[in-house]
Amino acid sequence: MWKNGLIQSLKDPSLQVISSDIAVVIKDKYPKAKYHFLVLPKEDISSIFKLTRDHLPVLDELRLLATNVIEVSGEKEKNFKIGFHAIPSMTRLHLHVISKDFISPCLKTKKHWNSFTTKLFIDYDKLYEELEKTGSVKRIESTEAKDLENSPLKCNHCSFEAKTIPSLKDHLLSHLK
DNA sequence: GTTCTAGAAC
DNA sequence: GTTCTAGAAC
C-alpha cells in the first residue's frame, strides 16, 4: 500500500542521507524544491496525531538532524522550511526539511503548493509548542483544510498571486539569485 | 503519496 | 485547438 512507502524507504540504507540511533534522514522521493528531506524517527510513531509529551525528546532529535542535513548540504537554514503537514498522507511521522525556492518538476498541483505555504504546513516550533502546552496535536477541521487546499496561489517571497501552477512556477524562477 | 485522463478553462 | 485542473484508482 502506498501509504506505507516511507516505512519501506526507511529500511533501505541506500536512501539514507544521515542518521542517528533514533532517527533517519532521507531525500523525498518526489522533491518539491531543490532540497527536500524527510526526517523520520525509527520508533513506530504513525503521525503527528499520535504524539504525546513523552515524544518531545524524539522531536528534539528530529530537529537536530534537520540542522545537520542542511549543514551537510552546505546551505543556510534560513533558506529552509522545517515542519509537518497538518494532513499527512503517508504513515510514519516525518519532518519536512525543504528549501524555499520550491523549484522542482515534482511540484505540480495547487494542493502541493498550499500544503507547504499555508497553515497546512505546521512549523516545527509551532507544533512543538502545541504538544508541550496541550499534550497532543489537534487535527485541523476538514472544512478549513479544504479551503486552504483550494486557496489562491500566493508567492512565498512576495505579494504575487498566480492564476495557474505553470505561471506560479515561472514566477518562482524570478526569485532565483 | 502518484498516475492517468476527461473535460473545463482559456 | 491547447493548456490546465481535479477526481478516480476495485
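Each chain gets a letter, A, B and so on, in the order the sequences are listed, and its residues count up from 1.
Residue pairs meeting the side chain to side chain donor-acceptor pair (under 3.5 Å) criterion with at least one partner in residues 66-81 of chain A, sequence neighbours excluded, are Y35(A)-E75(A), R63(A)-T67(A), R63(A)-E77(A), T67(A)-E77(A). Among residue pairs with one or both ends in residues 53-75 of chain A, none qualify as ring pair (Phe, Tyr, Trp, His ring centres under 6.0 Å); sequence neighbours excluded.
Within residues 24-40 of chain A, the residues having any heavy atom closer than 4.0 Å to DNA chain B are, in order of number, Y30(A), K32(A). DNA chain C is contacted by T164(A), I165(A), P166(A) of residues 155-175 of chain A, taking any non-hydrogen atom closer than 4.0 Å. Listed by residue number, the members of residues 80-115 of chain A with any heavy atom below 4.0 angstrom from DNA chain C form an empty set.
Checked against salt bridge (charged side-chain N to carboxylate O under 4.0 Å, His left out), D44(A) has the following partners two or more places apart in sequence or in another chain: R92(A). Y124(A) is linked by a ring-ring contact (aromatic ring centres under 6.0 Å, His included) to Y128(A), counting only residues two or more places apart in sequence or in another chain. For K133(A), the salt bridge (charged side-chain N to carboxylate O under 4.0 Å, His left out) partners two or more places apart in sequence, or in a different chain, are E129(A). Partners of A145(A) by side-chain contact (heavy atoms from CB on, under 4.5 Å), not counting sequence neighbours, listed by chain and number: I87(A), L120(A), I140(A).
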| said: Assess the residue pair L56(A) and E132(A) against the criterion (side chain to side chain contact (heavy atoms under 4.5 Å, CB included)); give the C-alpha distance rounded to whole Å, side-chain angles, the decisive distance to 0.1 Å, and a yes or no. | reply: CA-CA 8 Å; L56(A) 287 171; E132(A) 218 172 23; 4.0 Å; yes

| query | For C155(A) and H171(A), what are the C-alpha separation, side-chain angles and deciding distance, and is it a side chain to side chain contact (heavy atoms under 4.5 Å, CB included)? | reply | CA-CA 8 Å; C155(A) 177; H171(A) 172 81; 3.3 Å; yes

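Hydrophobic clustering (side-chain heavy atoms under 4.5 Å, transitive across Ile, Leu, Val, Met, Phe, Trp, Tyr) groups I70(A) together with L65(A).
Around the NZ atom of K169(A), the shell of radius 6.0 Å holds more than 12 heavy atoms that belong to other residues, nucleotides or ligands.
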Extract from the structure each pairing of a protein N or O with an N or O of nucleotides 6-10 of chain B at less than 3.5 Å, listing the distance.
none

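Consecutive Watson-Crick or G-U pairs involving DNA chain C, each under 3.5 Å on both distances, make up stems of three or more pairs at B:2-10 with C:1-9.
Other residues sharing a hydrophobic cluster with L153(A) under the 4.5 Å side-chain heavy-atom criterion for ILVMFWY residues are I98(A), F102(A), I103(A), L107(A), W113(A), F116(A), F121(A), I165(A), L168(A), L172(A), L173(A), L176(A).
You'll find the side chain of S47(A) stays beyond 4.5 Å of the side chain of F84(A), heavy atoms only. Put simply, the side chain of V137(A) reaches to within 4.5 Å of the side chain of E130(A), judged on heavy atoms.
Counting only N and O atoms by type, the side chains of S115(A) and H112(A) include no donor and acceptor under 3.5 Å apart.
We find that CG of N4(A) is positioned 15 Å from C1' of dT2(B), with the value rounded to whole Å.
Atom-to-atom distance recorded for S151(A):OG and E161(A):CD is 9.0 Å, nearest 0.5 angstrom.
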